[in-house]
Amino acid sequence: MANMRCVVERITYQNPENGYSVLKVRAKGHDDLVTVVGNLLDANVGSVLLVDGEWKVDSKYGRQFAARQWQETLPATVYGMEKYLGSGLIKGVGPKFAKKIVQKYGENTFAVIEENVEALIEISGIGAGRVKMIAKSWERQKEVKNIMLFLQEHEVSTAFAAKIFKQYGNESIGRMKENPYQLADDIWGIGFRTADGIARKLGFDRECYVRLRSGVMYALSELADEGHVYAREGQLVEKASALLEAEECRIVMTMDQMVKDKDLIKENQKRNGDEETEDAVYLPPFYFAEIGVTGKLKKLAAASGSDRLQAWIEGTAGFVDVGEIERKLNMKYDDVQADAIRQAARSKVMVLTGGPGTGKTTTTQGIIALYRAYGLRILLAAPTGRAAKRMTEATGLEAKTIHRLLECKPPEGYQKNEENPLEGDVLVVDECSMIDIVLMNSLLKAIPPNMRLILVGDIDQLPSVGAGNVLRDIIDSGRFPVIRLTKIFRQAQESRIIMNAHRINEGKLPDISNGRAADFFFLQQEDPEQAAAEIVGLVKNRLPRSYGVSPSAIQVLTPMQRGVVGATNLNLVLQEALNPSGEGLRRSGFVFRPKDRVMQIKNNYDKEVFNGDIGLIEAVDLTNRTLTVGFDARIVEYDVTELDELVHAYATTIHKAQGSEYPVVVMPVLMNHYVMLQRNLIYTGITRAKRLLVMVGTKKALAYAVGNVTVTKRNTMLRERLVTE
C-alpha cells in the first residue's frame, strides 16, 4: 500500500451510481498530472487529498493510482490555497479573487480568513457584503468538512454532508449520534439504509425500537413509492422483517406501538365477502386523504347547484342546444360528444375520458362554451405546467397548475382550502390520471359545495407517480357520470402515432412499416451500446437535418432510469454530444452547464417548482456556486447543495413525461428493460409525441410490452369507499 498527497486539478469522470471517479491530480515528485481512480465521488477541484492505495498499469489508460481510502485536508502551499479558494467551494471567491487574496497574504491566507476576515476588504473589488459572504461560507464549509469526516469515519457516503448541515446546523454531529434514524425522517434523499449504516457504526442495537420503527416507516414509504395507498399488514410485516433481518413478532410489536403513537393507522378491511378480513396499515396522510376524497366527492355530487345553467336545466326539463354551441365554435360533434356536453350541463361531478384523436380537447371546448354562454365563472387546472400551458392554448382561457390554483405558500401550505375556497362556478381539470390521492384531497378541500367539477383524462395511460389510482377508482365506482370517447376522427386517422397508440391499447402490434410520409418509425437495434449511439445520432444530426427541428425539440423517453439505454446514461452521452463544453457546477458526478435541459425531481414549495417540471439552465455562477433555471417564464435559483433536486432531462423516463407533449420523441424499447415493459407504459410514451415518434429497439421487446398487461394492482380503497360509504 502506497500513499500520496495531491491537489485535484480536474475531474475527468464520475459515476453517480457507484461513486467511481477518475481524477487528474498534481502530486509532489511527479512532473505530469497523475491519474487517480476509485470511489472519490465527493472530491472537488482544488481539494487536497491524502490518498492510500496502489499503483497499477491499465492496458488502455496506462499508469494509474488506485485509491483504497482517502481523506481531505486544507492545502498547505500557496498554489494549493489558490486552487482551493478558486474552486467555488467558498461562496464569494472565484478564481479571480482567489488569485488576488493569495497574492496578498501568501501562506497566511487561511489564517487571515479564519482569524481576521475583515482584512479582505483591503483587496480591490471585495466589499463588506462579499466579506460577510466569505466568512459565512468559510464557517459553513468547516462544519460541513467535520460532518464529512464523521461520515467517512463511519464508512458512509459524504454526499449528504451539506444536506445534514442545512437541516441541523452546528448540532449535526450531535443529532446523528443521538438518533441517526431521524435523518431518514427529516432529510429528503437520505433513506433508511444510509441512516442504518451510521447507526450500525455507532453501535446501535439491531433490535432497538428506533431502528425497527424507522425500518417499518421505510418499508411503508417504499410501498407508497410503488403507488400503494396502504399496505396489507402481512405484506408490511414480511417486507419490514426482510429489510431489518428481524423476527416478525418484533415487527408486529413495533407496529402496535406505532399505532398507539399515531405514527400509523390500522383499519380492518373485509376481503372475499364477509369471510376473511385483513388489517390495512396506512401512513396517516394517505389515510386521511383517502377518507377526505371519498367524503368530499360525495358531498360535492349531492349538493345542489346555484348557477344560471342549473336554473335553466330545471326550467326546461334538461334541454341543451348543442347545435348552438356547434355554430359558435364552427364545430360538428358526434352523438357521444354531444352527450358529454349535455351531461356536463346536468352534472355536479363528471368524468370525460378517451385516447388520442378521440376529441377530448374539442369536447372540452364545447363544455366550456356551454358554461360561458350562461355566464359561469370557469377555472381551468392541470397537474403540470406543460399540461396547463396546452390547456390555455386549446381554450383561450388561463389554466393554472393545481399547486398554483391552490396558492401553495410554504411553510403554511395551500392557501385555498375549506376555510378559503376557490371562487367560481366550475372547475375543469385535465390530465387527471396523473393526480395522486394526496393532491386530489387538497384540491377537493378547496372546492365549494356549489361548484361543478369536470375531470378529464386518458384512463389507459400510466397511473400517477404518487400513491393511488384516483381517476380509475372514481370511474370504477360507478357513482358519477362517465363519458368515454372511443371514435377516432378522420384527421387523427392520418396519424400513425395515434392509430398505433390505439392498436397497442387493443393488444395489437403497431404498424412499423415506416415509409417516407410516416410519423412513426421503428429502427431495429438489438445491442444496447449501439442503440444508445443510434439515439445520439438521431437527436444530434439525423432528425434535425431531415425534419428541420432543433435538438431542443426532441425528447428521449425511456422505460428505465438505469442501464446503457436508461435515462441516467443517455443523459450523460447526450450532454456530451449536445452541450459538451463550458464551466459548470458539479454535484453527485454530474456537471450542470448553461443551456443544459434539466428536470426538477421533487416538489419544492419554496421555489414553486414541482416534480417533473422541465427547464433550461440560463446561467451558472461559479463564484457563488449557484445556477439559474428558466421554467417557462419563471427564473429559479439553485444553490450547489440543492442540485440533487435536478437531473438532466435530455432523456427522461416515460413515467416522468406524463402530462407533457413534445414535437419529436425518440424511445428505446429493448429487452434489457423487460421488467418495465408493459402495455400502458409504451402507450403513454407514444402518446407524448405530437409530430414524430422514432422507436429504437427490437420487435421482440415491443411485442413483449404490448402483450404484457400484468400491471401491479395498487392497494387503494377509494373505489370501495365511494361504492359503500
Side-chain angles (χ1 to χ4, degrees), residues 297-298 300-302 305 307 309-310 312-313 317-326 328-329 331-374 376 378-382 387 390-391 394-395 399 425-435 440 444 447 451-461 463 469-492 498 501-502 505-506 683 687 718-719 722-723:
L297 276 175
K298 288 182 176 180
L300 190 61
D307 55 53
L309 178 56
Q310 182 66 31
W312 169 262
I313 291 295
F319 175 75
V320 175
D321 188 355
V322 175
E324 180 63 26
I325 294 169
E326 289 178 324
K328 277 187 178 180
L329 298 178
M331 192 81 64
K332 183 63 181 172
Y333 291 113
D334 70 8
D335 291 344
V336 180
Q337 291 177 304
D339 187 42
I341 294 169
R342 295 188 190 99
Q343 189 65 62
R346 297 190 296 266
S347 302
K348 283 295 300 307
V349 177
M350 184 190 112
V351 177
L352 176 67
T353 185
T358 59
K360 277 201 314 296
T361 299
T362 54
T363 305
T364 303
Q365 288 170 335
I367 291 170
I368 290 170
L370 168 73
Y371 290 147
R372 292 184 77 177
Y374 286 88
L376 272 60
I378 303 164
L379 303 177
L380 304 180
R390 284 209 323 274
M391 209 176 180
T395 64
D425 298 306
V426 58
L427 172 63
V428 182
V429 188
D430 199 6
E431 295 287 357
C432 289
S433 62
M434 296 181 64
I435 302 177
M440 180 58 87
L444 290 171
I447 298 177
M451 186 176 277
R452 297 168 183 262
L453 176 64
I454 308 295
L455 302 173
V456 184
D458 184 349
I459 195 61
D460 296 313
Q461 286 187 30
N469 205 349
V470 176
L471 184 62
R472 183 170 290 280
D473 283 348
I474 290 172
I475 291 173
D476 290 349
S477 73
R479 289 292 296 260
F480 312 98
V482 176
I483 303 294
R484 180 156 191 161
L485 305 174
T486 56
K487 178 184 175 182
I488 306 171
F489 286 88
R490 189 169 60 209
Q491 187 177 355
I498 290 174
H502 285 278
N505 209 23
E506 294 164 5
Y683 172 82
T687 54
L718 180 60
R719 185 189 71 84
L722 287 170
V723 169

I need the [X] [atom1] to [Y] [atom2] distance, nearest 0.5 Å.
X	Y	atom1	atom2	value
T358	I488	OG1	CD1	8.0 Å
L453	L444	CG	CG	6.5 Å
M331	E326	CE	CD	9.0 Å
D458	N505	CG	CG	7.0 Å
L352	K360	CG	NZ	7.5 Å
R342	I367	CZ	CD1	12.0 Å

Using every non-hydrogen atom in the two residues, find where [X] and [Y] come nearest and quote the distance to one decimal.
X	Y	answer
A369	I325	CB-CG2, 4.0 Å
K328	A373	NZ-CB, 3.8 Å
S433	Q461	OG-OE1, 4.0 Å
R452	L376	NE-CD2, 4.0 Å
S477	L722	CB-CB, 3.7 Å
T363	A340	CG2-CB, 3.7 Å

| message | Just to verify, what does D473 make a side-chain hydrogen bond (donor to acceptor under 3.5 Å, both in side chains) with, not counting sequence neighbours? | response | T716
| note | Those residues at least two apart in sequence (or on a different chain) that pass side-chain hydrogen bond (donor to acceptor under 3.5 Å, both in side chains) with E431 are R390
Hey, does the side chain of [X] reach the backbone of [Y] with a donor-acceptor pair shorter than 3.5 angstrom?
X	Y	result
Y371	A344	yes
Y333	T362	yes
R719	R472	no

Please identify each residue that fulfils side chain to side chain contact (heavy atoms under 4.5 Å, CB included) with [X], with sequence neighbours left out.
X	answer
S347	Q343, M350, P481
R484	T353, I459, D460, T486
A501	P356, Y683, I686, T687
D334	V336, Q337, K487, F489

| task | Any chance you could lay out the side-chain contact (heavy atoms from CB on, under 4.5 Å) test for M440 and L718, step after step, and finish with the verdict? | result | CA-CA 12 Å; M440 180 58 87; L718 180 60; over 6 Å; no
| Candidate list D339, I341, D335, L370, test side chain to side chain contact (heavy atoms under 4.5 Å, CB included), partner V322, passing option | I341
Side chains of [X] and [Y] in contact at under 4.5 Å (non-hydrogen atoms):
X	Y	answer
L380	I368	yes
L379	M451	yes
D430	T361	no

